[in-house]
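Side chains are part of it too, since the values below use all heavy atoms of this structure and drop only hydrogens, waters and symmetry mates. Because the structure is a prediction, the values reported are computed rather than measured.
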Amino acid sequence: MTEEHPPSPGPDPHGLERALHTGRALVLADLTACGIAEAEVVSLVEEAVSHRRWWVEQWPEGASFVAGLIAQDVQDALLDRRGRWPGCPLCGGPEEHALDVEPELGPDPHWVCGRTATAVAPVGELGSAR
């Protein structure tokens with residue numbers, strides 16, 4: 001007689017949704033801090049969250065990376081529509097540049113000045129850095 005084992009629990013759907021909602025909220029906080037949380041821009045966030053929902057369903061272990069990925073997705077989408085976002089508050093001059101998300105694929109994402117390698121603020125806390 002073989003012993004039956006209960007099915008493995010699999011990924012936590014509540015944890016995945018929580019990661020997506022947290023990522024959405026953090027990026028919206030940064031957009032609000034920069035004064036560009038308009039309907040068109042919020043739609044870009046929703047598109048990014050939808051895309052990352054599929055991604056995190058395929059790779060549940062990447063749930064802690066979602067906030068940084070959503071921030072990068074929105075940053076890329078805004079480049080075509082509005083220009084660089086978020087602008088670096090540290091560097092002046094005629095050639096404004098955007099902050100980068102670091103790590104590109106990792107937990108605890110931060111906005112970083114790529115020119116000076118200076119962390120400006122965690123994703124979701126740009127308002128405290130300005």
Side-chain angles (χ1 to χ4, degrees):
M1 186 167 163
T2 61
E3 187 177 319
E4 288 190 34
H5 297 281
S8 63
D12 173 16
H14 299 294
L16 301 180
E17 284 300 313
R18 186 173 27 256
L20 290 164
H21 289 291
T22 298
R24 178 185 184 277
L26 292 172
V27 173
L28 286 174
D30 286 343
L31 291 164
T32 300
C34 294
I36 61 168
E38 301 153 1
E40 175 189 359
V41 176
V42 172
S43 293
L44 297 175
V45 176
E46 298 305 332
E47 288 174 27
V49 169
S50 177
H51 173 73
R52 291 304 171 177
R53 176 173 281 112
W54 177 87
W55 182 87
V56 78
E57 286 170 352
Q58 305 308 305
W59 190 44
E61 296 82 16
S64 63
F65 307 163
V66 168
L69 293 171
I70 292 171
Q72 290 174 43
D73 292 345
V74 171
Q75 188 176 42
D76 291 345
L78 282 171
L79 184 60
D80 294 336
R81 291 171 176 83
R82 300 184 77 120
R84 292 177 174 85
W85 174 82
C88 179
L90 303 177
C91 299
E95 292 185 34
E96 182 180 328
H97 66 97
L99 297 172
D100 300 320
V101 175
E102 290 188 11
E104 287 185 24
L105 185 62
D108 193 29
H110 280 68
W111 292 110
V112 175
C113 171
R115 290 185 181 167
T116 64
T118 303
V120 174
V123 169
E125 296 184 26
L126 273 179
S128 65
R130 297 201 175 253

S.K.: Indicate the atoms forming the closest heavy-atom contact of Cys113 with Leu90, along with that distance.
M.R.: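 Scanning both residues, the minimum pair turns out to be CB-CD1, 4.1 Å.
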S.K.: Taking only residues two or more places apart in sequence or in another chain, which ones pass side chain to side chain donor-acceptor pair (under 3.5 Å) with Thr116?
M.R.: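 Result, side chain to side chain donor-acceptor pair (under 3.5 Å) vs Thr116: Thr118.
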S.K.: Among residues two or more places apart or on two chains, list those pairs meeting ring-ring contact (aromatic ring centres under 6.0 Å, His included) that have a residue in residues 23-46.
M.R.: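 Those involving residues 23-46 do not exist here.
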S.K.: Could you state the interatomic distance from CD (Glu102) to CG (Asp108), rounded to the nearest 0.5 Å?
M.R.: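 Answer rounded to 0.5 Å: 12.0 Å.
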S.K.: Is Val120 linked to Val112 within one hydrophobic cluster, defined over Ile, Leu, Val, Met, Phe, Trp and Tyr using a side-chain heavy-atom separation of less than 4.5 Å?
M.R.: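 Val120 does not cluster with Val112.
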S.K.: For residues 58-76, which side-chain N or O atoms pair as donor and acceptor with protein atoms under 3.5 Å away, sequence neighbours left out?
M.R.:
residue: Trp59; atom: NE1; partner: Glu61; partner atom: OE1; Å: 3.4
residue: Gln72; atom: NE2; partner: Glu104; partner atom: O; Å: 2.8
residue: Asp73; atom: OD1; partner: Arg52; partner atom: NH2; Å: 2.9
residue: Asp73; atom: OD2; partner: Arg52; partner atom: NE; Å: 2.7
residue: Asp73; atom: OD2; partner: Arg52; partner atom: NH2; Å: 3.4
residue: Gln75; atom: NE2; partner: Trp85; partner atom: O; Å: 2.9
residue: Gln75; atom: NE2; partner: Leu99; partner atom: O; Å: 2.6

S.K.: Evaluate the side-chain proximity of Leu79 to Arg84: yes if any heavy-atom separation is below 4.5 Å, no if none is.
M.R.: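 With C-beta onward as the side chain, the pair touches.
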S.K.: With sequence neighbours left out, write down each residue that passes salt bridge (Lys or Arg N to Asp or Glu O under 4.0 Å) with Arg115, or none if nothing qualifies.
M.R.: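 Counting only residues at least two positions away or on another chain, Arg115 forms no salt bridge (Lys or Arg N to Asp or Glu O under 4.0 Å).
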S.K.: Using the rule that Ile, Leu, Val, Met, Phe, Trp and Tyr join whenever any side-chain heavy atoms are under 4.5 Å apart, tell me whether Val27 and Val42 fall into a single cluster.
M.R.: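 Result: yes, single cluster for both.
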S.K.: Any chance you could measure Glu38, atom CD, to Leu31, atom CG, to the nearest 0.5 Å?
M.R.: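 Between Glu38 CD and Leu31 CG, I get 9.5 Å after rounding to 0.5 Å.
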S.K.: If a pair satisfies side chain to side chain donor-acceptor pair (under 3.5 Å) and one of its residues is in residues 24-37, list it, with sequence neighbours excluded.
M.R.: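 Of all non-adjacent pairs touching residues 24-37, those that pass side chain to side chain donor-acceptor pair (under 3.5 Å) are Arg24-Glu46, Asp30-Trp111.
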S.K.: Taking all non-hydrogen atoms of both residues, which atom of Pro109 and which atom of Gly106 are closest, and how far apart?
M.R.: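 So the minimum-distance heavy-atom pair works out to CD-O, 4.4 Å.
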S.K.: Working to the nearest 0.5 angstrom, can you tell me the gap between Glu40 CD and Arg82 CZ?
M.R.: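 The CD atom of Glu40 sits 7.0 Å away from the CZ atom of Arg82.
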S.K.: Tell me which pairs pass ring-ring contact (aromatic ring centres under 6.0 Å, His included) where either residue lies in residues 18-50, with sequence neighbours left out.
M.R.: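 ring-ring contact (aromatic ring centres under 6.0 Å, His included) check on residues 18-50 returns no pairs.
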